[in-house]
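Encoded as structure tokens, the structure appears first; notes follow it.
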There are 4 protein chains.
Amino acid sequence: MARGLNKVMLIGNLGSDPEMRALPSGQTVTNFTLATNESFKDSSGVLQERTEWHRIVVWGKLAEICNQYLRKGRQVYLEGKIQTRSWDDSKTGEKRYATEIVCNDMQMLGSPMQQQGSNYGNQGGGYGQQQNQGYGNQTSYAPQQPQEQGGYQPSPGMGQGEPEKDDLPF
Amino acid sequence: MARGLNKVMLIGNLGSDPEMRALPSGQTVTNFTLATNESFKDSSGVLQERTEWHRIVVWGKLAEICNQYLRKGRQVYLEGKIQTRSWDDSKTGEKRYATEIVCNDMQMLGSPMQQQGSNYGNQGGGYGQQQNQGYGNQTSYAPQQPQEQGGYQPSPGMGQGEPEKDDLPF
Amino acid sequence: MARGLNKVMLIGNLGSDPEMRALPSGQTVTNFTLATNESFKDSSGVLQERTEWHRIVVWGKLAEICNQYLRKGRQVYLEGKIQTRSWDDSKTGEKRYATEIVCNDMQMLGSPMQQQGSNYGNQGGGYGQQQNQGYGNQTSYAPQQPQEQGGYQPSPGMGQGEPEKDDLPF
Amino acid sequence: MARGLNKVMLIGNLGSDPEMRALPSGQTVTNFTLATNESFKDSSGVLQERTEWHRIVVWGKLAEICNQYLRKGRQVYLEGKIQTRSWDDSKTGEKRYATEIVCNDMQMLGSPMQQQGSNYGNQGGGYGQQQNQGYGNQTSYAPQQPQEQGGYQPSPGMGQGEPEKDDLPF
DNA sequence: TTTT
DNA sequence: TTTT
């Protein structure tokens, strides 16, 4: 069912909380950004850092898992494929492009306690006794508050449609 | 020297002959596009094909190897990282983005004989004694014609600079 | 469903025709070996070649596809995970180990015509009406002769059981 | 300089502190084991866990980094290649095999504070003010005590030689 | 714009 | 045991 390879593997930190939407089709999609950091010595031998931002798209069951367990700042491993959407800019008539990583595998890394987003600690409500039984244990996280997902957004048609303005690269 | 992972692995076919340029800095850069093909059954069970186009950038010694041995249509394995350049659109003032794969490893796949571009056999000009002793042999291809590289192009500053219009996604 | 990453990606050539077996459990398993070649300059600057042999195990539907389309010599891309089985050597009582790649994705590379095994052309026998049901269907190869699969072999218990003597590393 | 792909990517936890040795050749090699965990539902739908143990070998500068910063229990990303050594069993005369991952890239994951081995906190001696300025920061770890490396061990000849008994798979 |  |  495939005649090629298009594989992306990322380890980085979420730049934003995941945003999950239900599409009219019934599909679930979650979006977030991921920063991958790279350090290198420049031509003068000075240590430089470079951060690359990736726009992540997740579908289906994994979309729900990402929405539930991931938060801004969290370190994750992601696997997926590169996909570039294009549309005609309504203002200029030019072709525009946005490249995304369609994620099909995710591993949470490290421990959630230190990687929480700014308000992570609060959102579990009464989960005071939440304890971390060891690294890598994925079952001890506080479940996310029910989100207001704001009903149905216009369908991206599996990511192919015309993106809204704030759907564009970040 | 790194604090994250940003890795891309592709197997696909070149959509264009490589184009090599020498930068004022003395660096060599080669560009080409790569198609990765994916087939899948859609919701109605019909077999569909989807082609993803990737813009490939190669630096240094590997740029020269790609320029010398790769041709349109050739099947290759590429490894690299995702990099998104951005600039301000001079017409609209909006931020624009272009995502590229900065390639750091390449393997030619299959045999060159069947994968040659349409005019592969001709382009060596006077290289009459060009012989192909078998696939995978990287030394037996006809060297590329000396290209008119047209002098120095504006430096991309290792791919970071403002791209020219025709430098944008393809 | 996972808390870690164990991923192997190989591009190489089959050292043997695939061998498919049906297990008493009803599962299908296919085994073959794969050579990955690496060349490098040794400390004296002389170009050396090193071949690594991998023992490949494939289960289920992909086992049948591999058995049907792959032949000795064929170049493939494989993805899978590392798995080491162990057992007690009946002669010495020592623990013995065999490491295998459990393959979960396969892409045929290049073109089949040049990569055929020694007797490739003949083995289709009377399969004159071989048809190609669609693209991506690598069905232009001669289908394999019905194999005598010799009934049920002892179950490896998903590769965990005590291997028979000739099941050991090659 | 290569004609194939032999790539392994692992995310797991060290099962032992790294052990570094200097070889007579002057080369430095570090060994440790890594566990990758996988969970899956068995045929009866019961969640099962499977741990795969990998024998890791690191050479050169990266060997020193691993020895200095990694400890038992630490979560890491490793990249490398599969290599199988073989030798004749002196007792039985049979061919024996040991498969290792020759590591060429390593990323520490999560934070060191929670992933420390049993005696990690003590070994820095006077590094009382060791602080963790955030995840992923690789420069804030307490440097390791100078190890007694015990002089020269028999050379593995770049991993090709006859392993000693306790050099065998773990 | 590639490939099958 | 493959491939170039």
Side-chain angles (χ1 to χ4, degrees), chain A residues 1-6 84, chain B residues 10-19 31-39 47-56 69-76 78 107-118 120 132-141 169-170, chain C residues 10-19 31-39 47-56 69-76 78 107-118 120 132-141 169-170, chain D residues 1-6 84:
Chain A
M1 300 285 269
R3 285 185 309 106
L5 181 70
N6 174 357
T84 298
Chain B
L10 304 173
I11 293 176
N13 300 277
L14 275 79
S16 56
D17 280 354
E19 294 184 13
N31 293 275
F32 56 90
T33 57
L34 189 84
T36 55
N37 300 291
E38 178 187 18
S39 62
L47 200 62
Q48 299 286 350
E49 174 137 344
R50 182 185 164 88
T51 296
E52 189 69 34
W53 285 98
H54 308 270
R55 181 175 177 76
I56 311 296
Y69 295 119
L70 300 186
R71 286 297 170 273
K72 180 180 176 177
R74 179 82 208 226
Q75 188 185 36
V76 290
L78 297 183
Q107 302 288 331
M108 285 179 273
L109 300 177
S111 152
M113 295 319 269
Q114 322 174 268
Q115 301 192 20
Q116 61 198 39
S118 48
Y120 178 84
N132 191 342
Q133 299 112 332
Y135 64 82
N137 188 318
Q138 304 183 341
T139 57
S140 60
Y141 308 164
F170 23 93
Chain C
L10 304 173
I11 292 176
N13 300 276
L14 275 79
S16 56
D17 280 353
E19 295 184 11
N31 292 275
F32 56 90
T33 57
L34 189 84
T36 56
N37 299 292
E38 178 187 18
S39 62
L47 198 63
Q48 299 286 351
E49 175 136 342
R50 183 186 163 88
T51 296
E52 190 69 35
W53 285 97
H54 309 269
R55 179 174 179 76
I56 310 296
Y69 295 120
L70 300 186
R71 286 296 169 275
K72 181 179 176 178
R74 178 83 208 223
Q75 189 186 36
V76 291
L78 297 183
Q107 302 288 330
M108 285 179 273
L109 300 176
S111 151
M113 295 324 266
Q114 321 174 267
Q115 300 191 21
Q116 60 199 38
S118 48
Y120 177 85
N132 190 339
Q133 300 111 331
Y135 72 81
N137 187 319
Q138 290 116 352
T139 52
S140 52
Y141 313 167
F170 24 99
Chain D
M1 300 285 268
R3 285 185 308 105
L5 181 70
N6 175 356
T84 298

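Below, all heavy atoms of this structure are taken into account, side chains as well, without hydrogens, waters or symmetry copies. First the proteins, then the strands, lettered A, B, ... as listed; each starts at 1.
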| Separation of atom CD in E38(B) from atom P in dT2(E), rounded to whole Å | 19 Å

| Nearest-Å distance for atom pair NE2/C1', residues H54(C) and dT2(F) | 11 Å

| request: Tell whether N13(B) reaches the base of dT1(E) with its side chain through a donor-acceptor pair below 3.5 angstrom. | output: no

| Distance, rounded to the nearest Å, where N37(B) contributes CG and dT1(E) contributes P | 15 Å

| Expressed in angstrom and rounded to an integer, what is the separation of L34(C) atom CG from dT1(F) atom P? | 16 Å

| said: Looking at G110(C), is its backbone amide N or carbonyl O close enough to the side chain of Q75(B) to form a donor-acceptor pair, meaning the two atoms are under 3.5 Å apart? | reply: yes

| query | Just how far, in rounded Å, is C1' of dT2(F) from CZ of R55(C)? | reply | 16 Å

| remark: Taking dT4(E), dT1(F), dT1(E) as options, the one with an atom nearest any side-chain atom of W53(C) is dT1(F)

| request: Calculate the interatomic distance between R71(C) atom CZ and dT1(F) atom P; express it in whole Å. | output: 20 Å

| request: Provide, to the nearest angstrom, the distance between the CD1 atom belonging to I11(B) and the P atom belonging to dT3(E). | output: 17 Å

| Is T51(B) touching bases, backbone alone, or none of the nucleic acid, heavy atoms closer than 4.0 Å? | base

| So, D17(B) side chain and K72(B) main chain: donor-acceptor pair closer than 3.5 Å or not? | yes

| message | Using every non-hydrogen atom in the two residues, find where R3(D) and Q107(B) come nearest and quote the distance to one decimal. | response | CA-OE1, 3.4 Å

| request: Whole angstrom is fine here: how far is it from CD in Q75(C) over to P in dT1(F)? | output: 21 Å

| message | Contact between E38(C) and E52(C) at the side-chain level, heavy atoms closer than 4.5 Å - yes or no? | response | no

